[in-house]
J.: 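First, the structure itself, so that you have it in front of you.
Order of the sequence lines sets the chain letters (A, B, ...), proteins ahead of strands, with each chain counted from 1. In this text, all values refer to a predicted model and were calculated from it rather than measured experimentally.
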Protein chains: 4
Amino acid sequence: MPLLLLLPFLSFAQGSKVMDNLSLKSKILNMDRKYAIYLPPDYETSQRSYPVLYLLHGGGDDQTGWVQFGEVQNITDKAIREGHATAMIIVMPDANTGRRGYFNDIKGDWRYEDFFFEEFMPFIEKTYRTKNDKRFRAISGLSMGGGGTFMYALHRPELFSAACPLSASTGPVSLEEAKTAYRRNNPTISDEAIATYYPRHNALSLVNNMADTLKKSVRWYIDCGDDDFLYEGNSLVHIAMRKKEIPHEFRIQDGAHNWTYWRNALPTVLNFVSMSFHQF
Amino acid sequence: MPLLLLLPFLSFAQGSKVMDNLSLKSKILNMDRKYAIYLPPDYETSQRSYPVLYLLHGGGDDQTGWVQFGEVQNITDKAIREGHATAMIIVMPDANTGRRGYFNDIKGDWRYEDFFFEEFMPFIEKTYRTKNDKRFRAISGLSMGGGGTFMYALHRPELFSAACPLSASTGPVSLEEAKTAYRRNNPTISDEAIATYYPRHNALSLVNNMADTLKKSVRWYIDCGDDDFLYEGNSLVHIAMRKKEIPHEFRIQDGAHNWTYWRNALPTVLNFVSMSFHQF
Amino acid sequence: MPLLLLLPFLSFAQGSKVMDNLSLKSKILNMDRKYAIYLPPDYETSQRSYPVLYLLHGGGDDQTGWVQFGEVQNITDKAIREGHATAMIIVMPDANTGRRGYFNDIKGDWRYEDFFFEEFMPFIEKTYRTKNDKRFRAISGLSMGGGGTFMYALHRPELFSAACPLSASTGPVSLEEAKTAYRRNNPTISDEAIATYYPRHNALSLVNNMADTLKKSVRWYIDCGDDDFLYEGNSLVHIAMRKKEIPHEFRIQDGAHNWTYWRNALPTVLNFVSMSFHQF
Amino acid sequence: MPLLLLLPFLSFAQGSKVMDNLSLKSKILNMDRKYAIYLPPDYETSQRSYPVLYLLHGGGDDQTGWVQFGEVQNITDKAIREGHATAMIIVMPDANTGRRGYFNDIKGDWRYEDFFFEEFMPFIEKTYRTKNDKRFRAISGLSMGGGGTFMYALHRPELFSAACPLSASTGPVSLEEAKTAYRRNNPTISDEAIATYYPRHNALSLVNNMADTLKKSVRWYIDCGDDDFLYEGNSLVHIAMRKKEIPHEFRIQDGAHNWTYWRNALPTVLNFVSMSFHQF
């Protein structure tokens with residue numbers, strides 16, 4: 001009889017689980033912040049810990065994007081079931097509420113990147129059974145979240161073993177372009193502020209200034225469709241990485257800046273980061 | 001009546017045919033020139049005419065390259081049999097004998113490109129049952145032959161409906177690089193000669209100088225592996241075509257400068273040019 | 001009646017379970033020792049007992065290695081589901097904490113092998129529903145754990161029906177090599193101590209000294225990639241076993257000393273030990 | 001009407017062809033010598049030339065062995081049709097008539113190896129449309145023919161791009177064993193004669209004495225079943241090649257010294273040599 005009562009829970013517990021409306025308190029951003037999470041099929045029944053993929057949404061979307069439009073649950077369940085990916089936790093933070101984006105603001109009054117590394121990641125690693133080592137952390141994202149992927153993995157290579165920017169906004173391709181872009185929202189920003197901020201917030205500069213000792217620190221998988229409007233930045237990063245001899249996989253596939261492209265890319269990303277988690 | 005009786009047997013007997021050691025006389029080059037040809041499965045038994053694909057080999061190879069290393073017969077037979085390509089004639093000229101390459105020499109004493117358009121193509125179109133219209137002509141090639149594909153289709157867009165450079169050498173990326181490269185073999189070449197020759201023999205200049213009226217004249221399929229040493233020229237051509245709004249398919253797939261990559265690319269090329277031949 | 005009602009639900013609810021952070025107290029090692037365990041899909045719902053596979057990790061890893069890198073859960077679930085393996089319990093002890101390795105130390109102050117046979121196996125067989133007969137026990141492992149597999153099954157053939165060393169470290173191949181190796185950590189070890197210890201801790205000597213009556217006691221499956229740095233010891237054990245006419249399966253497959261090789265080998269190991277458990 | 005008469009020939013011409021009772025005159029051996037040949041499916045209808053695989057039979061067999069027991073035609077047709085092998089000519093000489101074996105006799109009165117290189121290969125390359133370059137020649141064989149494969153490719157690395165000994169007799173493993181073996185048939189052979197002959201007629205010596213400049217000259221694929229009686233020589237060659245850092249693929253698969261093993265190995269051999277013929 002008690003067994004009977006347990007059944008609905010048990011059957012529930014055998015599959016993966018997605019929650020897309022969780023939140024934590026942030027002192028740095030002075031507000032509650034939302035996130036979504038994917039827990040793998042045996043999370044409830046095992047006592048083991050899991051690798052983590054941080055999966056970043058694009059501009060205009062929020063933490064529910066990969067869940068609703070990206071079919072993260074179906075695609076990851078299938079990849080694990082068929083052996084193309086290892087069981088992992090997937091964490092999808094909201095970077096849309098308040099101000100949009102994954103970076104600290106140039107004026108310093110909004111510090112999302114600090115929130116991410118000082119509050120969000122520690123919260124996740126304390127709340128869920130994650131493996132808290134570089135080799136068991138990966139990051140990926142699309143468009144604005146591809147930009148976040150580039151900058152986070154280039155700023156903090158000691159934290160991630162794999163990074164997979166998809167259709168990424170790589171940042172302004174020149175200082176002049178940066179001035180125009182930044183002053184669109186902040187007309188009074190000084191040249192000095194821009195000269196400091198710009199080299200840390202575009203992928204080309206970060207790649208070109210990368211220390212030799214870090215060239216093999218992160219495994220890269222970079223993908224951008226041939227009809228994507230972000231073709232230039234991604235192609236130039238490919239050229240720059242080849243010239244600097246930074247190992248990376250690069251793909252230009254048939255397609256544009258849309259969810260069909262990203263749902264199609266996600267299984268390869270899951271397989272690529274699993275190779276890191278498996279140590280090949 | 002006899003024809004009727006023959007049919008079941010004939011269909012049995014049909015096979016495609018490859019000859020890789022044929023030749024024609026060239027006045028322009030003052031010598032015999034070799035070529036290989038693929039005739040589709042029903043060429044011998046039909047009375048129809050066929051579209052033509054000119055398929056160019058790379059440096060160090062000759063007209064037998066696509067036959068032996070490229071498996072052109074098996075791959076094309078399969079593509080036709082499975083409906084991914086239409087029956088076509090594939091012509092593979094030798095650009096290795098005498099001097100290597102598909103271009104007229106900068107000094108004007110070796111005129112391969114003139115031979116190709118004034119002698120070779122007319123000879124093929126007279127000797128075989130080809131359809132002699134722009135819409136039924138396509139060109140493709142690898143490496144040095146990818147360079148030939150770029151230049152021929154950019155020089156003579158009125159002749160080809162589709163062009164598919166694979167792992168292409170796109171030519172020197174600057175006038176300075178051109179001077180160094182050309183003077184390696186011809187140390188006394190003048191600056192004027194180079195200033196005239198260079199813009200016609202690199203893909204970037206030809207793309208950047210293309211007349212607006214010609215932007216949709218040729219369908220382009222451009223492909224170069226992410227580990228290919230020719231990554232820069234091809235990526236820059238992609239960027240330039242996007243900026244000029246020249247429609248083109250562009251792919252960067254997993255791989256390097258080798259026959260595994262090209263055998264893998266050939267079915268897509270055959271399908272792409274067949275779309276032109278079919279008028280979609 | 002209630003049971004009948006439960007059945008459709010129960011079959012839904014069944015899943016295997018992995019725990020990778022369990023522990024037991026060891027008097028012999030004077031500390032807590034970690035282990036991981038795989039319980040087959042119907043363990044919770046059935047009342048039957050199961051055969052056991054002891055699966056040993058390699059040097060530098062711990063009890064979580066086969067769980068995280070080896071995908072033991074997915075691979076075993078699939079093998080059972082598809083009928084290539086019988087349901088079994090898989091036990092993965094930690095041989096990394098304190099001192100690394102599966103053997104008693106040459107100086108006698110660290111007795112891991114004694115712990116394994118006198119404390120760990122009895123604990124497992126008391127705590128879980130195992131079948132406690134030689135015919136239902138098997139052992140496998142990789143690298144250092146392949147060495148453990150060789151020595152345990154050669155020392156205690158009365159305990160295991162099947163042994164599957166993968167990419168195994170087979171021990172020093174000569175007494176001289178043994179002296180150098182043992183004295184690296186214990187410079188003052190006497191020649192006598194080595195002369196006693198060495199023949200019991202390398203696979204070649206144990207094979208060459210095996211009593212005729214024991215030749216068919218254990219079913220062997222030995223596997224080592226053609227690019228593995230441990231090629232010599234494994235090839236020499238194959239030669240020695242052939243000369244002694246000790247039945248064994250031996251494989252050299254394409255690959256090196258890495259998890260891709262071992263994940264690929266695991267289904268064959270599961271099938272091989274299941275043949276023992278099934279009694280063919 | 002004439003077309004009708006042609007039909008049986010035409011349909012014949014569409015498939016591959018095997019002849020197993022051809023012969024040529026040998027001055028060196030002073031007799032007619034038999035051979036078998038496989039001509040690929042389009043040999044009759046194309047005018048191209050083809051790569052060649054020399055495929056050697058084992059002791060007790062003759063040139064018909066690979067045809068009758070080895071199913072060379074069915075297996076090669078299938079490999080070509082499915083794209084795992086390139087079209088090639090396969091040549092199978094008789095090494096059974098008169099004296100058995102692929103070597104010059106130690107007494108110098110029977111010179112099969114000289115016949116092979118001075119008469120047989122030139123005859124084949126003159127009679128059939130073969131590509132007569134090292135890169136388009138490969139050699140394989142089983143048992144005694146695996147021994148022939150080892151010695152021919154080790155004696156004449158300038159002639160073969162790939163060599164695939166299967167279940168090979170690698171020759172006596174020591175000078176003492178050589179003396180016993182050679183004197184079984186030639187009791188009066190001097191020690192000096194053996195000291196000269198032996199190092200050139202066993203694979204281990206030839207591998208150990210290989211010049212550094214030749215280490216990458218031939219691509220090797222070596223395969224010998226775990227139940228084969230020739231396990232020792234092949235395992236020792238693997239160890240020697242690893243120690244000399246001579247690149248090679250090595251496999252020990254499940255099986256013994258029989259045609260089931262060799263029919264199973266042939267598709268991999270055809271694929272491996274095709275990678276040479278394709279230049280990858």
J.: Chain D: which of B:Val67, B:Asn258, B:Thr64, B:Asn21 shares the most heavy-atom pairs with it under 4.5 Å?
T.: B:Val67
J.: Test: salt bridge (charged side-chain N to carboxylate O under 4.0 Å, His left out). Region: residues 253-273 of chain B. Which pairs qualify, not counting sequence neighbours?
T.: A:Arg251-B:Asp254
J.: Between D:Gln47 and B:Leu22, what is the shortest heavy-atom contact and its length?
T.: OE1-CD2, 3.8 Å
J.: Can you name the closest pair of heavy atoms from B:Gln68 and D:Pro51 and give their distance?
T.: NE2-CG, 3.1 Å
J.: Spell out the residues in residues 74-84 of chain B that have some non-hydrogen atom less than 4.5 Å away from a non-hydrogen atom of chain D, in order of number; otherwise answer 'none'.
T.: B:Asn74
J.: Give, as side chain, backbone, both or neither, the part of B:Leu39 having an atom under 4.5 angstrom from any heavy atom of chain D.
T.: neither
J.: Quick check: under 4.5 Å, non-hydrogen atoms only, which of residues 120-136 of chain D neighbour chain B?
T.: D:Lys131, D:Arg135, D:Phe136
J.: Please state whether the side chain, the backbone, both or neither of B:Glu44 comes within less than 4.5 Å of a heavy atom of chain D.
T.: neither
J.: If you look only at distance, which donor and acceptor atoms sit under 3.5 Å apart when one is on a side chain in residues 272-280 of chain D and the other is two or more places apart or in another chain?
T.:
unit_1   : atom_1 : unit_2   : atom_2 : d
D:Ser274 : OG     : D:Thr86  : N      : 2.9
D:Ser274 : OG     : D:Leu270 : O      : 2.7
D:Ser276 : OG     : D:Arg219 : NH1    : 2.5
D:His278 : ND1    : D:Ser274 : O      : 3.3
D:His278 : NE2    : B:Glu71  : OE2    : 2.8

